[in-house]
2 protein chains.
Amino acid sequence: MRTTAAALAFVAALAAHTAWAQQPAGECAPSVTNIPEAKYPCIYPNGQVLFRVVAPDAQKVRIRMGPGHDMEKGPDNVWSVTTPPQVIGFHYYSLEIDGAVVADPSTMTYFGSGWQNSAIEVPDPDGAYYAPAEVPHGRVSQQWYFSRVTNRWRRAYVYTPPDYDTNVEARYPVLYLLHGWGEDETGWHRQGHMEFILDNLIAAGRARPMLVVMDNLNTVRPGESGALFAARGLVPAPAAAPAEPPARGRGAARGRGAGGRTGGLGQGTYTEMMFTDLVPAIEREYRVLPGRDNRAMAGLSMGGAQAFETVLSNVDKFNYLGGFSGSCGGFGRGGGAFDVATACGGLLPQLKVPETSLKLIYLSIGTEEGQGAKTFADALNAAGIPAVYFESPGTAHEWLTWRRSLYDFAPRLFQ
Amino acid sequence: MRTTAAALAFVAALAAHTAWAQQPAGECAPSVTNIPEAKYPCIYPNGQVLFRVVAPDAQKVRIRMGPGHDMEKGPDNVWSVTTPPQVIGFHYYSLEIDGAVVADPSTMTYFGSGWQNSAIEVPDPDGAYYAPAEVPHGRVSQQWYFSRVTNRWRRAYVYTPPDYDTNVEARYPVLYLLHGWGEDETGWHRQGHMEFILDNLIAAGRARPMLVVMDNLNTVRPGESGALFAARGLVPAPAAAPAEPPARGRGAARGRGAGGRTGGLGQGTYTEMMFTDLVPAIEREYRVLPGRDNRAMAGLSMGGAQAFETVLSNVDKFNYLGGFSGSCGGFGRGGGAFDVATACGGLLPQLKVPETSLKLIYLSIGTEEGQGAKTFADALNAAGIPAVYFESPGTAHEWLTWRRSLYDFAPRLFQ
């Protein structure tokens with residue numbers, strides 16, 4: 001009954017946008033991303049979201065999520081809006097209060113687009129693989145390390161598998177796993193729930209116990225500016241006008257400015273820092289297996305571009321490579337033909353040579369993002385470079401695409 | 001020269017409040033709590049803080065920190081204010097934009113008062129003890145555990161000392177360390193920098209290597225409401241009017257509602273959960289030493305009240321007890337005489353009996369908070385119950401008081 005009512009409401013609303021202001025069917029439940037005890041944002045069974053905001057003297061309040069949703073002020077001085085149905089998964093959003101863009105105080109905040117956003121999570125009926133279960137749990141730990149390249153302390157998070165502490169003679173392979181543009185080292189466990197994905201895969205015998213190192217890909221040498229973050233324009237900048245934020249995914253890998261361009265892809269500073277500072281710290285602090293057969297690197301969006309840059313320039317150090325909604329240059333999300341001889345900085349032809357080939361080249365994307373990853377994977381396969389392609393049905397450039405990608409990717413590593 | 005100019009500005013401003021609108025001496029530096037690349041909030045050498053906020057269409061914008069500071073809109077549509085000098089250390093604050101209370105998008109956010117606040121950190125010239133240094137580093141790890149008492153998964157953070165992974169036969173004593181009202185399990189490492197305090201003490205040979213377990217003291221049984229958080233009133237509540245938030249510290253331990261009052265102090269639900277769920281999980285997952293001689297418990301503010309409640313009701317399980325700006329009932333911060341026979345739920349007289357005494361009873365407070373902790377410590381000592389008293393000069397009910405307290409407290413444990 002409830003499903004039918006929701007479906008009817010959906011059809012009715014397609015005809016008249018204002019219909020969303022009506023009460024949707026069923027009861028709404030607080031988003032799991034809310035602060036403790038906050039009832040709103042509240043999500044209906046059909047994915048409509050009711051937001052409520054206290055802003056008694058404001059003239060205009062909007063929810064910034066997708067196209068934006070104007071709120072109406074009620075007699076109780078609380079602003080509210082019920083949105084059209086949202087797709088399942090994790091969505092960043094923010095409030096606009098008389099022109100100020102801020103996080104909703106009703107939710108926990110998540111580092112994205114260079115600041116601490118609010119977010120909702122539309123429940124996923126198939127989400128058990130990223131939820132805690134009665135299985136042995138690994139641990140996500142802070143790992144501080146001093147970077148000589150950036151001359152500052154940096155923080156990574158490291159997942160160690162459930163048996164790491166008890167199996168004290170064992171050594172483990174390592175996946176280096178990166179976040180996307182405007183995110184940081186907290187993304188994969190806070191937004192991505194990677195620890196539960198790995199715990200569940202390992203408990204099921206589907207993935208090998210491994211370490212997962214989640215670093216911050218934003219790497220600025222002393223004196224360089226970090227244009228990635230300052231670009232947002234929501235935070236006052238003292239000097240020059242803010243630049244346009246880079247588009248996520250397509251082309252996001254380009255233009256890090258000074259230093260370290262390698263192979264034409266442009267994220268050499270991170271690669272240099274990684275080999276100078278991060279990898280030695282990990283291999284000193286943890287019991288890891290050596291060599292390329294025991295190292296993988298992957299990332300999402302701009303992190304995928306970084307993984308392609310780093311691995312294609314260092315195939316002697318890695319044997320597994322993944323790009324979730326991002327790989328090299330425009331070939332992560334955008335479409336169009338390309339020339340294997342020249343694309344990706346000219347670093348692809350080496351993959352046809354047995355000595356410099358990779359055991360796994362993995363490309364994934366959400367079906368709502370475009371055809372770029374498929375085009376790229378097809379072209380690689382046609383050129384004799386085997387590539388695995390995975391697509392996440394019905395999801396966009398968002399964390400549910402990347403949770404699904406990790407769940408599909410991790411079992412393919414170190415086998 | 002600069003110091004003299006700042007001192008003159010300070011004197012001038014005492015005479016005329018509007019003087020703070022003038023440019024302070026010296027250059028301001030971005031707060032270390034800012035998001036990457038954000039220039040504001042910016043802190044002058046004398047502790048004045050310049051805030052800037054983009055809110056083009058707002059009518060009124062204020063900084064909520066202490067007495068509150070009205071901002072002025074400049075010709076560039078950016079609102080700004082320069083505050084009077086702030087004391088050194090970490091201060092939560094928020095923005096009020098046309099009546100909406102929100103976090104400043106320019107800073108990282110910190111869970112306090114039940115939501116994700118913004119914060120500034122006024123530099124502390126003596127802050128090296130809570131900064132990373134070239135010493136061996138311990139690790140702070142997420143520890144998920146299922147709670148039978150609350151029927152949900154809970155997260156604690158666990159600090160393991162630098163040699164935990166290499167000294168694989170060793171077992172360690174454990175300090176259970178709690179946050180304050182409206183905070184959570186992230187407080188001690190994010191706001192408190194406890195990992196660097198412990199690393200530095202252990203490296204100097206001043207503290208024994210130990211585990212530190214940082215749990216979330218907010219413990220709600222199925223069906224109970226969590227009035228602690230809903231009380232804030234900034235987030236829309238659907239039903240009854242919000243209650244007054246409990247005062248921090250004094251009296252904050254009271255009135256958790258249903259279930260588990262023990263000895264009249266009122267935080268029995270957490271104590272029950274701790275012994276049913278948390279301690280068994282820690283003792284199963286980590287190499288810890290057994291027995292009361294190897295267990296300590298401390299907390300700040302409401303967490304201090306919780307530590308007193310739990311330990312005084314279970315002196316067979318702990319031998320070390322600390323309350324930073326909070327202990328039992330009104331005796332943490334408030335003053336006034338009390339009767340050792342009846343105060344703290346009548347649980348104090350047992351501490352005079354050798355079999356049920358504690359090796360350490362520790363009370364601390366910031367000098368700007370009041371005399372309560374000193375009054376309490378003096379009375380305990382007068383009654384023949386030895387108590388250590390520590391005060392943090394010039395600090396209030398804030399994290400710098402608690403960082404200093406931990407730095408003074410940890411060396412006294414497990415010796």
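FYI, side chains are in, hydrogens and waters are out, and symmetry mates aren't considered; it's all heavy atoms of this structure. Chain A is the first sequence line, chain B the second, and so forth, proteins listed ahead of strands; every chain is numbered from 1.
Considering all non-hydrogen atoms of both residues, V101(B) and P105(A) come closest at O-CG, 3.6 Å.
Contact annotation for residues 151-160 of chain A against chain B (heavy-atom separation below 4.5 Å, listed by residue number): W153(A).
Both the backbone and the side chain of A58(B) come within contact range of chain A, each with at least one heavy atom under 4.5 Å from a heavy atom of that chain. Residue Y145(A): no heavy atom, backbone or side chain, is found under 4.5 Å from chain B. Only the backbone of A133(B) comes within contact range of chain A, judged by heavy atoms closer than 4.5 Å. If you measure heavy-atom distances from F196(B) to chain A, the contacts under 4.5 Å come from the side chain alone. Residue contact with chain A, scored on non-hydrogen atoms closer than 4.5 Å, involves the side chain of V168(B) exclusively.
Put simply, of Q116(A), H137(A), E134(A), the one with the most heavy-atom pairs under 4.5 Å next to chain B is Q116(A). Interface check for chain A: of the options P56(B), P132(B), A55(B), the most heavy-atom pairs under 4.5 Å are formed by P132(B). Contact count against chain A (heavy-atom pairs under 4.5 Å) is highest for I97(B) among I97(B), D104(B), T166(B). Chain B forms the most heavy-atom pairs under 4.5 Å with one residue out of E285(A), R139(A), E96(A), Q142(A), and that residue is R139(A). Between chain A and the options G99(B), G138(B), P162(B), the largest number of non-hydrogen pairs under 4.5 Å is found for G99(B).
In this structure, the side chains of T107(B) and W115(A) stay at 4.5 Å or more apart for every pair of heavy atoms.
Residue S141(A) holds its OG atom at 11.5 Å from CD of E195(B), rounded to the nearest 0.5 Å. Once rounded to the nearest 0.5 Å, the distance linking CD of Q59(A) with CG of D98(B) reads 6.5 Å.
Within a 6.0 Å radius of NZ in K60(A), other residues, nucleotides and ligands contribute 12 heavy atoms or fewer.
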Audit row: F111(B), M108(A), side-chain contact (heavy atoms from CB on, under 4.5 Å) steps and yes/no: CA-CA 8 Å; F111(B) 202 76; M108(A) 299 299 279; 3.6 Å; yes

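Residues satisfying the side chain to side chain contact (heavy atoms under 4.5 Å, CB included) test with E121(A), not counting sequence neighbours, are S31(A), V32(A), T33(A), F90(A), Y130(A), R403(A).
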